[in-house]
Amino acid sequence: MQTISCPEFSLRTTLESGQFFRWRERDGAFEILLRDRVITARQDGDELRFEGADAPTVRRFFALDHDLSAIRAELARDPVLRGPLERFRGLRILRQDPWECVAAFITSAASNIPRISRNVRDMAARFGTPPAFPRPHEMGTEPQLRALRLGFRARYLAEAARLARDGRLDRLDGPLDSVRDALMELPGIGGKVADCVALFAYGRLEAFPVDTWVRKTMRKLYFGGRRVTDRRIRSFAARRFGPLAGYAQQYLFVAARSSRAESRDSTRSPAAARPA
DNA sequence: GCCCAGGAGATTT
DNA sequence: AAATCTCATGGG
């Protein structure tokens, strides 16, 4: 068991923010599957206690090198973000493995976080070398993936694995738009998933993934409820949040999702109220 | 039964 | 360039 200092960090908020799916809470600790490692971690204030990997690996994955105080200060210049920044204090953008991130977000199409987690777990159990997620050359065929109930995503995953095996995820750098275009050459990766991978795996903090929740909340908060194209939302975010757009996006995303959960909890009628 | 879900891709308008 | 359909599956 090791301990490292982790000021301005919330392990729980970060893991629960829907950017990474290979973790679970168990016996009061978090079990995190990082590449071929099982990391058990527990946060106690500004200290992170963990085992299963070395400190540099853990610091890099949790992006403890990001100056979150400075990021928050900069983004808090926008009054709209102050609530989310405070409420979800300590949320960081992780550094994930590119292929795992690609596979996870291909499955994310028209899905939801619990189901994505299950899909990722199923693929790992079926094709990987436990506890690692399958490398591209280990991935199953389309029929094998369909058997895991991945639906129309099965073909995308099988083909994307082939391209990843050919090195199509290697050395992606340069302007964000060129990284995006390179990612979008893989089937099942459109603009939104490309931005997720750029942000969560390639450390491109200026990427601004526009999903259904971000679209909804951006319309409401910045466009007077008018409907706008995703392209316009992205260019607005680039201008307004600059190189930290991705951080802004993640705080907006969790805030939008939590307000949904609250309204659902308060409006759902108890089972007893249902006619028998 | 209907609707929506961290969409993408193809087709139509 | 925007609107519309389809693609599978699961949960509310």
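Just so we're clear, the structure is a prediction, and the values are computed from it rather than from any experiment. A, B, ... follow the sequence lines: proteins, then strands. Residue 1 opens every chain.
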Problem set entry | Pairs involving residues 121-133 of chain A, ordered by first then second residue, that meet side-chain hydrogen bond (donor to acceptor under 3.5 Å, both in side chains) (sequence neighbours left out) |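 Found A/Thr129-A/Glu138.
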
Exercise. According to the side-chain hydrogen bond (donor to acceptor under 3.5 Å, both in side chains) rule, which pairs have a member within residues 167-187 of chain A, sequence neighbours left out?
Worked result: A/Arg168-A/Glu185, A/Arg180-A/Asp195

For this session: Pull out every residue in residues 225-252 of chain A that has a heavy atom closer than 4.0 Å to any atom of DNA chain B, ordered by number, or say none.
Result: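 A/Gln249, A/Gln250 - these, ordered by number, are the residues of the stretch whose heavy atoms sit under 4.0 Å from the strand.
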
Exercise. Does anything in residues 193-200 of chain A reach DNA chain B, meaning a heavy atom under 4.0 Å, and if so which residues?
Worked result: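 The answer is A/Val193, A/Phe200.
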
For this session: Return each pair, listed once, that meets salt bridge (charged side-chain N to carboxylate O under 4.0 Å, His left out) where at least one residue sits in residues 56-69 of chain A; pairs must be two or more places apart or across chains.
Result: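 Those involving residues 56-69 of chain A are A/Asp65-A/Arg95.
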
Could you list the protein-to-nucleotides 9-13 of chain B atom pairs, N/O on both sides, closer than 3.5 Å?
unit_1	atom_1	unit_2	atom_2	d
B/dG9	OP1	A/Gly188	N	2.8

Salt bridge (charged side-chain N to carboxylate O under 4.0 Å, His left out) involving [X] - partner list, sequence neighbours excluded:
X       : result
A/Arg24 : A/Glu31
A/Glu86 : A/Arg89
A/Arg37 : none

Exercise. Mind checking who shares a hydrophobic cluster with A/Val38, ILVMFWY linked at side-chain heavy-atom distances under 4.5 Å?
Worked result: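 A/Val38 clusters with A/Leu33.
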
Under-3.5 Å N/O pairs linking protein and nucleotides 1-5 of chain B:
unit_1	atom_1	unit_2	atom_2	d
B/dA5	O3'	A/Ser111	O	2.5
B/dA5	N3	A/Ala110	O	3.3

Exercise. Under 4.0 angstrom, heavy atoms only, what part of the nucleic acid is A/Thr217 near: base, sugar-phosphate, or nothing?
Worked result: nothing

Seminar exercise, completed: By side chain to side chain donor-acceptor pair (under 3.5 Å), A/Arg77 pairs with (sequence neighbours left out) A/Glu74

